[in-house]
Amino acid sequence: MSVVFDEKKNYFHLFTENTEYVIGILYGKYPLNLYYGKKNADPDIRYHRRYYAFCPFYDENGEIFSLDTVSSEIPCFGSGDLRCTALRIKNNDGNSVTLVKYKSYRIFGGREKIPGLPYAEADDRTDTLELILEDTVSGAEIHLYYTVFERTDVISRYVRIVNNGEYPFDIEKLMPLALDLDGRDFDWISLYGSHSNERNVQRVPIHLGSQRVFSRRGYSSAQFNPFVCVCEHKASEDKGDTYGFNFVYSGNFLSEIEQGQEEKTRILIGLGDENFAWRLEAGEEFRSPEAVMTFTDKGIGQMSRNFHKFTRNHILPKPKKNYRSVVLNTWEGSSFDIEEKTMLEFAIEAKKCGIDMLVMDDGWFGRRNNDKSSLGDWFVNKEKFPQGLKSFVKTIKSTGIEFGIWIEPEMVNPDSDLFRAHPDWVIEVPGREHNLSRNQLVLDFSNPDVTAYLKDIFTKTLGDVPFDYIKWDCNRHLADVGSNYLPKNRQKETAYRHMLGVYDLLSWFRKTFPDAVIETCSGGGSRYDLGMMKYGEMIWTSDMTEPNCRTYIQYGSMLPYPGATMSCHVSDPNGDKYEMDYRFSVAIGGMLGYEFNILTVPEEIKEMIPKQIAEYKIYEPLITNGDFYRLVNPDKTGCSSYYYVNDDNSQILLSFIQTTSCKLKNRKFKLKIIRADKNAEYIDRRTGKTYSGSLLREGIEKTVKDKYFADIMYLTKK
């Protein structure tokens, strides 16, 4: 078992292959986190008694003990811990003072499911610790779950709250992950951005006070990502204590870090309190989304590899085939201007170029000729497709190519049959003017009638259509958040219930169309998170396809997320063969696709496509399943370099990208491939040159040129 209880000390030990987490029960009441770090490090995991002036304490425990100085597993609001807290419950008396005490525990193999939410799947070495606590005043019974994913050095945490009292209460704040680290000398790394500029990397020292990243937008957002990393100041790619945290959820979140008078750094991950509350009636229960954490003493790169492996093995849907289809998406090539004849021409030409799939984007339904109408009217446009969708798709597939289709189920245009029939089905606040974005409103997925309608209309429209792929888009954030369906005392549940409805519809699509791949999208990467990755094999990384910007976006994306999730398209190089090769070299950092008008692109560009695809398919197993190592940071140099390597180090894909931002003329980089076998020889299959493993470990030299460029090496053992 990876979870062990020491009855003499009242300690729980959670073990992964390389880490240990220790929980102690102090005075038989208070669960404390005593240690998280390297396995077999022989740490001092005793509770250290501290006292600071003005810290409140319970007389029965003596004034040397205070909740304001201990490392609580679930710090509660108002009962003596005056730092940021993980749980706040407003009880029937009207106050929000909360205190939970230990009651019992359970250790079991595998894990419990979290109904209605995405969660990491167990394997044969997954074990779970359940701590059961109670708040006797509110009647809340709190179940803390710690699920150990031993092979990936990841521990997940989530909370179940049961109302065992006589009266309802309100959950006002819930953070399923709370961790206090000894010391203050840490940096934290987060990802920030905006539409078409997602997941830029920020690394700053943690200071006294509170620091946070968050979303109030209804979705996890491009502005801040739920992932955060806390590391030693000296931590590099391959050295230093590094802690990674993330949230398996796609809605509003809060990732919070605080330092105060005590020599500790507190990290909280969860739902926050600004855009979340939940009323729990007597006898009801609530389950939180899952948060995950990992530790390594081998630097930021190993933290990334832990999360990559965890996501591939426990989050992403199981592959339907042993390769990813290379797609041609129609959006940048034809926008809304699609119809049967043009799409058939696209398919024929794409097949000639070795492309596996045509994905028909926005414009196939209702009276959709621009973004002003017909969202919500999910019936085929008979003017564009007079024989219907089923007949059209069969014709497309008769060319020997797969077919994918675009949908945006969460949205509705005011100019739509659906909105005219059900104006009360949108998220809105009575008396307030509708807040439009891209001429659309958000359907209220907290209302089960809405999701039932969508399941019905998509069954009628797509049920007999032999498609292979769905691109699921989401092109605005939530504002004026309110529900015509929910009662007044549950309005603050709207955003959370809406996300549960989104997950419900995504789950329905996966069950109803089990052979279809789902690519999720939110104006690009505005919902790039572990929650979406549970339902979609990949995510459209960004609407920004220009390779210079994409290099930075992909660098940040790979900090917590694997290349297997990253949808990367080659867009129109404007007839420039050099540019076409450069765009391809950037795109093969993840899952390759194309995004331009295949009918008008010059022949010399078109001739490059089948060669690129054939080359990519050699590399794809490495990109999908290989270990990823960063070598050069584009934020510091304007150049990016990384490599993928397989388990036995026999195949290495090395990439060096010099962006247009690089000003380091004639600068030389040594790219050290530490995973190369020093006793072996490798051949670069692109050039035929041979390199010793020891030379690869010492470093391949690359020199900055006058013009942006990309250099790819595919090295295999001789």
Name all residues meeting the ring pair (Phe, Tyr, Trp, His ring centres under 6.0 Å) criterion together with Phe5; count only those two or more places apart in sequence or in a different chain, and write none if there are none.
->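 Per chain and number, Phe5 pairs via ring pair (Phe, Tyr, Trp, His ring centres under 6.0 Å) with Phe12, Tyr105.
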Please list, chain by chain and in numerical order, all residues satisfying ring pair (Phe, Tyr, Trp, His ring centres under 6.0 Å) with Trp188, sequence neighbours excluded.
->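 Trp188: no ring pair (Phe, Tyr, Trp, His ring centres under 6.0 Å) contacts found.
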Side-chain donor/acceptor of Asn252 to backbone N/O of Gly218, under 3.5 Å |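 Present.
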Electrostatic pair [X]:[Y] at N-O distance under 4.0 angstrom:
X	Y	value
Arg151	Asp124	yes
Arg46	Asp44	yes
Arg125	Glu17	yes
Glu284	Arg279	no
Asp6	Lys8	no

Centres of the Tyr145 and Tyr158 rings: under 6.0 Å?
-> yes
Would you please indicate if the ring centroids of Phe286 and Tyr496 are separated by under 6.0 Å?
->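 Distance test on ring centres: under 6.0 Å, yes.
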Side chain to side chain, Trp472 and Tyr535, heavy atoms closer than 4.5 Å =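 The answer is no, as the side chains (C-beta and beyond) never meet within the 4.5 Å cut-off.
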Passes side chain to side chain donor-acceptor pair (under 3.5 Å), Ser210 versus Glu258? Steps please.
-> CA-CA 4 Å; Ser210 179; Glu258 183 175 296; 4.6 Å; no
Working for side chain to side chain donor-acceptor pair (under 3.5 Å), residues Tyr21 and Arg157 | CA-CA 12 Å; Tyr21 188 86; Arg157 298 168 63 168; 3.1 Å; yes
State, to 0.1 Å, how close Phe247 and Glu290 come at their nearest heavy-atom pair, and which atoms those are.
->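 Closest heavy-atom pair between Phe247 and Glu290: CD1-O, 3.4 Å.
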By side-chain contact (heavy atoms from CB on, under 4.5 Å) - contacts of Val162 (at least two apart) |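 Checked Val162 against side-chain contact (heavy atoms from CB on, under 4.5 Å); matches are Glu141, His143, Arg160, Asn164, Glu285.
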